[in-house]
Protein chains: 2
Amino acid sequence: MPARRSPARRPTMKDIARRAGVSESAVSFALNGRPGVSEVTRERVRRVAEQLGWRPSTAARQLSGEGAATVGFVVARPADTLGVDSFFLQLISGIQEVLAERHLGLLFQVVESVEDECAVYRRWWAEHRVDGVLVVDPRAEDPRPDLLGELGLPAVVIGGGPDSRQPGTSTVWADDAGAMASLVDRLYELGHRRIVHVAGLPRLAHTERRIRALRTEAERHGPQARVHSVTTDYSDAESAAATRRVLGAGEPPTALVYDNDVMAVAGLAAATELGFAVPADLSVVSWEDSALCRLVKPWLSALSRDTVGFGRTAAGELMALLDGGPARTVQVPVPRLIERDSTGPARPH
Amino acid sequence: MPARRSPARRPTMKDIARRAGVSESAVSFALNGRPGVSEVTRERVRRVAEQLGWRPSTAARQLSGEGAATVGFVVARPADTLGVDSFFLQLISGIQEVLAERHLGLLFQVVESVEDECAVYRRWWAEHRVDGVLVVDPRAEDPRPDLLGELGLPAVVIGGGPDSRQPGTSTVWADDAGAMASLVDRLYELGHRRIVHVAGLPRLAHTERRIRALRTEAERHGPQARVHSVTTDYSDAESAAATRRVLGAGEPPTALVYDNDVMAVAGLAAATELGFAVPADLSVVSWEDSALCRLVKPWLSALSRDTVGFGRTAAGELMALLDGGPARTVQVPVPRLIERDSTGPARPH
DNA sequence: TCCAGGAACTAATGCGCTTCAGCGATCAAG
DNA sequence: CTTGATCGCTGAAGCGCATTAGTTCCTGGA
């Protein structure tokens, strides 16, 4: 190692003990709010610690039984799919707000596949790196909750749905089915009978929930409904392709619902190119609100939810779990439809 | 703490020692490739370790002098400014690729201000949490390199520019000045003489470099050049406002250069709304290429750079620093102009 | 035949912290 | 006035690993 300026040794509890004229144990008791020292000593120790700029070494702390003061967050998506989506960074912002209060760190990792993600969990567990993890993009037959349960690693599944109850892991979810129901109701009210849902990755839990909900709604509304879903990889490319395909069909839909903002914008562009006027010929809805929705003309109507708050809630649940609370399933507010300029009455047949 | 299923104790070196019938020290030697054990013993120990799924506890390792096996990454921007920008997640992807090879963790934090960022560095340092950090968004009179030098925390400044040489911290940068020069040259070639640069946050180092470069270029091209920069907060809102302002002026520019993709798209929309045809009346260039640039009509010409590679390079430099190498200043390839449909010859006066 | 020297391994120590078992001193209860 | 309990504190052990200082055994050179 090359010589760095001012090695700047970190102060330890021993330094505090010496300066305060007490034993190390007393320092530990004082600083951790444990009984065993008088109030005056406690206060004196605190002052010395502060004056020295002392902070506990997480490593030492962890080695003597405490946690790692860190939670893990893995996202398994290819780098390019990750890029444009505003969802993750917003979610992380919310998570951070809660973690920062407790001085917990966030260990973040991007991987390619769920298998890699599981490997990361195993490594983190074996290396004692994290006290708990936040899991996103749950899917059908997901190996992750089982693995985390096996490892005894507290976890919160984000977007899991009410069915995904696993002992030891909490779930935070939005009622996609309810949102889909009210969205379809509204489109019906506007006269739309042929609706296509351009969904995201097929095996994700919330994708499947939305698809199922759409089907249920269609059945509820009777036989004249002509609705269906197509799945994509969330990319603008597949969205445009899917849009061209469905709009080129015999009886094109009069309303399109996209599972994220990027796809909605790409779809809008594709539709416009094909000569469809929005919203006169075609209504377009994005299932994710962001600045993007107001960057295109016409402004996109969107299902809006508080993503930052979503992250906050998830992190809060993890905190509760780390504090020894029971695993729970909590629901965040249902996304609300913001009607802008891309939706309107269906053109009469 | 509630009972969790299968506490699943992590195996330690002691377990390995017992199973392999040797002392703990022998295990340590064997597993760390140090001399002191025979090849056969080494191999046996390795097998036992693997079989037990052993991984070194980072905490213990760290406590006995090794590093934390973690690097830190702080971004100081308000949550909403963060959202749409594809830059950060791409950068992180690149960083991760390098870190993953070495099994290093990435500790990530979002804060509001540079002061908060400094506080985070201090805390990380005092808590022994990271071996080094990656610094983004360097600015004029930046307190961060000094602080990190003082703490002896190896750091790589991303986007620092050649001037920001600090002992102990490396710099990875793109030649914005060169890119600006070739961009202006090209616009001149197309006949543009009135150019406005809608820049990002005023105090950021690369913003200032670009503004300075633009001025230099203007002087080089002589007195008939009418170019200037306006600064914003990178948001679509400020971009649209700035665009309306400059286009409403007496002699509106014939070319607009935006410091990121979101602003370019917002500016394009604003210009279109004011009745400017792109590229007939007005050329538009984005200083950041992303899917967004091909989501709008016309497709945006953009300065494209390999952001993932940028992250890779930065992480690589940090690795070199951690290995005891000297601080360096390395330059990544100059962004290249991808001419799509938003740029064309200036309309003759 | 004896010893130097190296190879292969063990024992002991320390990193910074928490925690548990003491241990005087003080104090209320019997 | 004695007995136990309680308070305020100290000493020591231990967490999982790296490392240094032994220790034992073996080999080869004289």
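Here the structure is a predicted model, which is why all the values come from computation and not from measurement.
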Visitor: For A:M13, which contact category applies under a 4.0 Å heavy-atom criterion: base, sugar-phosphate, or nothing?
Guide: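 Result for A:M13 = base.
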Visitor: Tell me the side-chain hydrogen bond (donor to acceptor under 3.5 Å, both in side chains) pairs involving residues 130-144 of chain B, sequence neighbours left out?
Guide: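 Checked against side-chain hydrogen bond (donor to acceptor under 3.5 Å, both in side chains) - neighbours excluded - the pairs reaching residues 130-144 of chain B are B:R77-B:D137, B:E117-B:R144, B:D142-B:R144.
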Visitor: Among C:dT18, D:dT10, D:dG16, which nucleotide sits nearest the side chain of B:L63?
Guide: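 The nucleotide sitting nearest to the side chain is D:dG16.
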Visitor: When you measure from the side chain of A:F29, which nucleotide among C:dC17, C:dT19, D:dG16 comes out closest?
Guide: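 Nucleotide nearest to A:F29's side chain: C:dT19.
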Visitor: Expressed in angstrom and rounded to an integer, what is the separation of A:W54 atom CH2 from C:dC17 atom C1'?
Guide: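 Computing the A:W54:CH2 to C:dC17:C1' distance gives 8 Å.
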Visitor: Contact class for B:S28 vs. all strands (heavy atom < 4.0 Å): base, sugar-phosphate, or nothing?
Guide: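 Counting heavy atoms under 4.0 Å across all strands, the contact made by B:S28 includes a base.
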Visitor: Give the ring-plane orientation class for B:F73 versus B:F88, where under 30° counts as parallel, over 60° as perpendicular and anything between as tilted.
Guide: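 Rings of B:F73 and B:F88: perpendicular, over 60°.
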Visitor: Nearest 0.5 angstrom please: B:L147 CG to B:T169 OG1, how far?
Guide: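 Reported to 0.5 Å precision, the distance equals 11.5 Å.
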Visitor: Taking atom P of C:dC17 as reference, at what distance in whole Å does atom CG of A:N32 sit?
Guide: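 Taking atom P of C:dC17 as the reference, CG of A:N32 is at 10 Å.
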Visitor: Measure CG/A:L31 against P/C:dT19 and give the value in whole Å, please.
Guide: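 For the pair A:L31 CG and C:dT19 P, the rounded distance is 13 Å.
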Visitor: Hey, is the side chain of A:R61 poking within less than 4.0 Å of OP1 or OP2 on C:dG16, counting only N and O atoms?
Guide: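 For A:R61, the contact criterion (side-chain N or O under 4.0 Å from OP1 or OP2 of C:dG16) is not met.
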Visitor: Decide side-chain hydrogen bond (donor to acceptor under 3.5 Å, both in side chains) for B:S38 and B:T41; before the verdict, give the C-alpha distance in whole Å, the side-chain angles of both, and the deciding distance to 0.1 Å.
Guide: CA-CA 5 Å; B:S38 63; B:T41 308; 2.7 Å; yes
Visitor: Just checking A:G65: base, sugar-phosphate only, or nothing, at a heavy-atom cut-off of under 4.0 Å?
Guide: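 Nothing, no heavy atom under 4.0 Å.
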Visitor: Calculate the interatomic distance between B:E127 atom CD and C:dC15 atom P; express it in whole Å.
Guide: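 Value for this atom pair: 20 Å.
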Visitor: Separation of A:R10 atom CZ from C:dC15 atom P, in whole Å?
Guide: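 In whole Å, C:dC15 P and A:R10 CZ are 15 Å from each other.
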Visitor: When we call it a touch if two heavy atoms are under 4.0 Å apart, what does B:S25 touch: a base, just sugar-phosphate, or nothing?
Guide: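 It contacts base atoms.
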Visitor: Could you pick out which residue, B:A26 or A:S57, lies toward the 5' side of DNA chain C when each is mapped onto its nearest nucleotide?
Guide: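 Between the two, 5'-proximity favours B:A26.
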Visitor: In terms of side-chain heavy atoms of A:S23, which of C:dC15, D:dT10, C:dC17 is nearest?
Guide: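 Between C:dC15, D:dT10, C:dC17, the one nearest the side chain of A:S23 would be D:dT10.
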Visitor: Mind calculating the distance between CZ (B:R34) and P (C:dA7) to the nearest angstrom?
Guide: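 In whole Å, C:dA7 P lies 17 Å from B:R34 CZ.
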Visitor: In this structure, how many angstroms lie between the P atom of C:dG16 and the NE2 atom of B:H128, rounded?
Guide: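 The answer, rounded to whole Å, is 7 Å.
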Visitor: Answer yes or no: is there a side-chain heavy-atom contact under 4.5 Å between B:V330 and B:T171?
Guide: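 With C-beta onward as the side chain, the pair stays apart.
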Visitor: Given C:dT10, C:dA8, D:dC17, identify the nucleotide with an atom nearest to the side chain of B:S38.
Guide: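 Nearest to the side-chain atoms of B:S38, counting from C-beta on, is C:dA8.
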Visitor: Could you tell me whether A:E66 contacts a base, only the sugar-phosphate backbone, or nothing, with contacts defined as non-hydrogen atoms closer than 4.0 Å?
Guide: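 Since only primed, P, OP1 and OP2 atoms lie under 4.0 Å of A:E66, the category is sugar-phosphate.
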Visitor: Remember a base hit wins even if backbone is also touched, and classify A:P56 as base, sugar-phosphate or nothing at under 4.0 Å, heavy atoms.
Guide: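 Sugar-phosphate, no base atom in range.
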Visitor: Checking side-chain polar atoms at under 3.5 Å, does A:T70 have a donor or acceptor matched by the opposite partner on B:R129?
Guide: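 Distance-only check passes for A:T70 and B:R129.
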Visitor: Please check the phosphate of D:dA18 (OP1 and OP2 only) for any side-chain N or O of B:S64 closer than 4.0 Å.
Guide: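 False: B:S64 side-chain N/O out of range (4.0 Å or more) of D:dA18 OP1/OP2.
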Visitor: Return the value, rounded to whole Å, for the distance between atom CD of A:E43 and atom C1' of D:dG8.
Guide: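 Distance check: A:E43 CD to D:dG8 C1' gives 17 Å.
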